[in-house]
Enquirer: 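I'd like to ask some things about the structure below.
Scope of the values below: all heavy atoms of this structure, side chains included, with no hydrogens, waters or symmetry mates. Only a predicted model underlies this, so the values are computations on that prediction, with no experimental measurement involved.
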Amino acid sequence: MQPTPTLQSSVWRIVGSIADVVTVARVRRKLSSGSLEPVELVPHRGYGTPAWLFVQARVLESHGVTPGTATDPWWRNVFAAYRRFVSLEIPGAIVRASIDGQQVEATADVDGYVKVEIANTRPDRTGWRRVELRLVAPPDGQRDGRATADVLVPDPRATIGVISDVDDTILHTGLTQTAGMLRTTLLHNATTRLPFPGVAAFYRALHEGDGAATRPVFFVSGSPWNLYDMIERFIEIQEIPAGPLFLKDWGVDEHKFIREDTHAYKLARIGLLLRTYPDLDFVLIGDSGQQDPEIYTDVINRWPERIAAVYIRDVTSDASRDEAVQTLLRTLEAHHVPSAFGASTMSAATDAASRGLIDPGRLDEIRRACEADSADVASS
């Protein structure tokens, strides 16, 4: 029996439907007036297996946001952030995905998302596969859009994967302080956002493992898809191993960024990865600022044999929160899941080296990176 919807959930569903109607009306109005800007096809990094490849992209009215630089004034960063969040989605656009001589077409939903699952006819090819995307039915004769989506097929020799949070785990966001979060999001770009010291070196060590096969890295974040380009660019600039990003949709209904429960959202995405890659055990990396310790505890309660380690960055100054996180991590001992909790990347790296998750010879490199990154943060 389906649960009876509450009045609150019903209201939010109605609001979401109104928002969808408004989006369609805006597109139609711009089409009729000839004021629609060129349509942009934005690919997202996808993931795959020897049997299939999953591709996602978004069709938007071009918002004119270009990659930021270190010298951009604050007002330009604010304008870019504004443009990202007021983007106009193009429902109904048709996109063709092509790889290895096969083609699949899909239609953008009301939020402009196109999701394509295409057969992997070359299971011998692993690593990053390139899927060509073409906008074959742009609205009202808009220019033909093309893009390339990178899709990760893990090396079958890999036995470990990494699932990491983003905000306050690899980059400073300040989610525990609303004013700080808004200041960081609005006034900075991918070039000026600050990483946590040593993160890139540690993630590279995890990614490279023992050298026999690279390990896949996935990012599961509560940030909205509107920030995808900024996060992807940040990862590239910091030389953190690239990986598919799982973000939330921006909107007001109960299945979008403003309303969707982050705990349930992240738990579902991590569960998806565990089911998709049954031969991989995962290292889970997050922070104490929000719900990562609670989410990862739930993951381990459901899949206790699949988690190789849990590493939590301490980003709060609240002693009661620290005690709660440490209590949660102690409960993992019953499942024989190792963990580390600390403000420095070295606490996780040292534990990972002791368990053979990274080469102990990489610890000096990670330590030097922590020192160099800390100096950069202090001088910024």
Side-chain angles (χ1 to χ4, degrees), residues 70 160-176 180-181 184 188-211 214-221 223 230-243 245 282-290 292-293 296 307-317 321-322 325-326 329 338-380:
I160 298 289
V162 178
I163 298 175
S164 173
D165 181 37
V166 172
D167 300 314
D168 285 331
T169 298
I170 64 172
L171 63 81
H172 286 273
T173 301
L175 286 177
T176 58
M181 178 191 68
T184 300
H188 291 271
N189 58 52
T191 304
T192 59
R193 294 289 290 268
L194 298 175
F196 280 96
V199 161
F202 177 45
Y203 279 49
R204 286 195 296 269
L206 283 170
H207 174 60
E208 294 164 12
D210 58 8
T214 57
R215 297 165 174 168
V217 179
F218 303 91
F219 298 94
V220 179
S221 170
S223 290
M230 189 280 298
I231 296 173
E232 182 184 48
R233 178 66 176 148
F234 173 86
I235 289 171
E236 178 185 357
I237 290 171
Q238 300 301 327
E239 298 183 344
I240 297 169
L245 280 161
F282 283 93
V283 175
L284 305 180
I285 308 177
D287 65 86
S288 63
Q290 290 192 305
D292 288 340
Y296 294 169
I307 307 305
V310 173
Y311 297 128
I312 300 295
R313 182 180 299 281
D314 183 6
V315 297
T316 71
S317 57
R321 177 56 177 166
D322 290 350
V325 171
Q326 291 171 332
L329 295 181
S339 63
F341 174 55
S344 169
T345 300
M346 286 307 301
S347 62
T350 302
D351 184 87
S354 72
R355 303 181 189 283
L357 293 171
I358 66 171
D359 180 353
R362 304 290 292 270
L363 284 178
D364 283 343
E365 172 192 343
I366 297 170
R367 185 175 293 106
R368 290 193 299 270
C370 286
E371 294 170 355
D373 292 344
S374 295
D376 289 341
V377 170
S379 64
S380 65

Enquirer: Hey, is the main chain of I312 close enough, under 3.5 Å, to the side chain of D287 for a donor-acceptor pair?
Expert: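 Between the backbone of I312 and the side chain of D287 there is no qualifying donor-acceptor contact (under 3.5 Å).
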Enquirer: Evaluate the side chain to side chain contact (heavy atoms under 4.5 Å, CB included) criterion for residues V166 and F234: first the C-alpha distance (whole Å), next the side-chain angles of each, then the deciding distance (0.1 Å), finally the verdict.
Expert: CA-CA 11 Å; V166 172; F234 173 86; over 6 Å; no
Enquirer: What pair of heavy atoms forms the shortest contact from V315 to F196, and how long is it?
Expert: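 Closest approach of V315 to F196: CG1-CZ, 4.1 Å.
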Enquirer: Heavy atoms, side chains only, cut-off 4.5 Å: are I358 and L363 in contact?
Expert: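 Answer yes - side chains close enough.
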Enquirer: Judged by atom type as modelled, is there a donor-acceptor pair below 3.5 Å linking the side chain of R362 to the main-chain atoms of G209?
Expert: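 A pair under 3.5 Å: no.
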Enquirer: Is it true that the side chains of S344 and R313 contain a donor and an acceptor less than 3.5 Å apart?
Expert: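 No.
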Enquirer: Would you say the side-chain atoms of R215 pair up with the backbone N or O of L206, donor to acceptor, closer than 3.5 Å?
Expert: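 Pair found, side chain donor or acceptor close to backbone of L206.
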Enquirer: Mind listing the closest non-hydrogen atom pair of V283 and L357 along with its distance?
Expert: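 Where V283 meets L357 most closely, the heavy atoms are CG2-CD1, 4.2 Å.
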Enquirer: Any donor and acceptor pair, going by atom type alone, linking the side chain of S354 with main-chain N or O of D351 inside 3.5 Å?
Expert: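 Yes: the side chain of S354 pairs with the backbone of D351.
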Enquirer: Mind checking the CD-OG spacing from E371 to S374? Nearest 0.5 Å is all I need.
Expert: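 Here the interatomic distance stands at 8.0 Å.
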Enquirer: Grab the two heavy atoms, one from I366 and one from F202, that are nearest each other, plus how far apart they are.
Expert: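 Of all heavy-atom pairs spanning I366 and F202, the closest is CD1-CA, 3.9 Å.
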Enquirer: Looking at every non-hydrogen atom in both residues, tell me the closest pair between A340 and A348 and how far apart they are.
Expert: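 Taking every non-hydrogen atom into account, CB-CA, 4.3 Å.
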Enquirer: If we only count heavy atoms from C-beta on, is the L329 to V310 side-chain gap below 4.5 Å?
Expert: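 When only atoms from C-beta onward are counted, V310 and L329 do touch, with a gap below 4.5 Å.
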Enquirer: With side chains defined as the heavy atoms from C-beta onward, is the minimum distance between D210 and D359 less than 4.5 Å?
Expert: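 Sidechains of D359 and D210: no contact.
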Enquirer: Just checking, any donor-acceptor pair under 3.5 angstrom between side chains of S164 and Y203?
Expert: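 Present: a donor and an acceptor within the cut-off.
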Enquirer: Can you find a pair of side-chain heavy atoms, one from I235 and one from I170, that are under 4.5 Å apart?
Expert: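 Yes, at least one pair of side-chain atoms sits under 4.5 Å.
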Enquirer: List the steps and the verdict of side chain to side chain contact (heavy atoms under 4.5 Å, CB included) for D167 and T169.
Expert: CA-CA 5 Å; D167 300 314; T169 298; over 6 Å; no
Enquirer: Give me the atom names and distance for the closest heavy-atom approach of P241 to H207.
Expert: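 What the structure gives for the nearest pair is CG-CB, 3.6 Å.
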Enquirer: Just wondering, do S221 and L245 contact through their side chains at under 4.5 Å, heavy atoms?
Expert: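 No; the side chains remain at least 4.5 Å from each other.
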Enquirer: Under a 3.5 Å distance rule, please check whether D373 uses its side chain to pair with a backbone N or O of A375 as donor and acceptor.
Expert: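 Side chain of D373 to backbone of A375, a donor-acceptor pair under 3.5 Å: no, none is there.
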Enquirer: Within the structure provided, determine whether S339 and Q326 are in side-chain contact (heavy-atom separation under 4.5 Å).
Expert: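 Of all side-chain heavy-atom pairs linking Q326 with S339, none is under 4.5 Å.
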Enquirer: Given salt bridge (Lys or Arg N to Asp or Glu O under 4.0 Å), test E236 with R233 step by step and report yes or no.
Expert: CA-CA 5 Å; E236 178 185 357; R233 178 66 176 148; 3.5 Å; yes
Enquirer: What I'd like to find out is whether the side chain of V325 reaches to under 4.5 Å of the side chain of D292, using heavy atoms alone.
Expert: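 Answer no - side chains too far apart.
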Enquirer: What's the shortest heavy-atom distance between I285 and Y296, and which atoms?
Expert: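 Heavy-atom minimum between the residues: O-OH, 2.8 Å.
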Enquirer: Atom CD of E239 and atom CZ of R204: how far apart are they, to the nearest 0.5 Å?
Expert: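 So the gap between those two atoms works out to 5.5 Å.
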Enquirer: Compare all side-chain heavy atoms of F341 with those of S288 and state whether any distance is below 4.5 angstrom.
Expert: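 A side-chain contact exists here, since the closest heavy-atom pair is under 4.5 Å.
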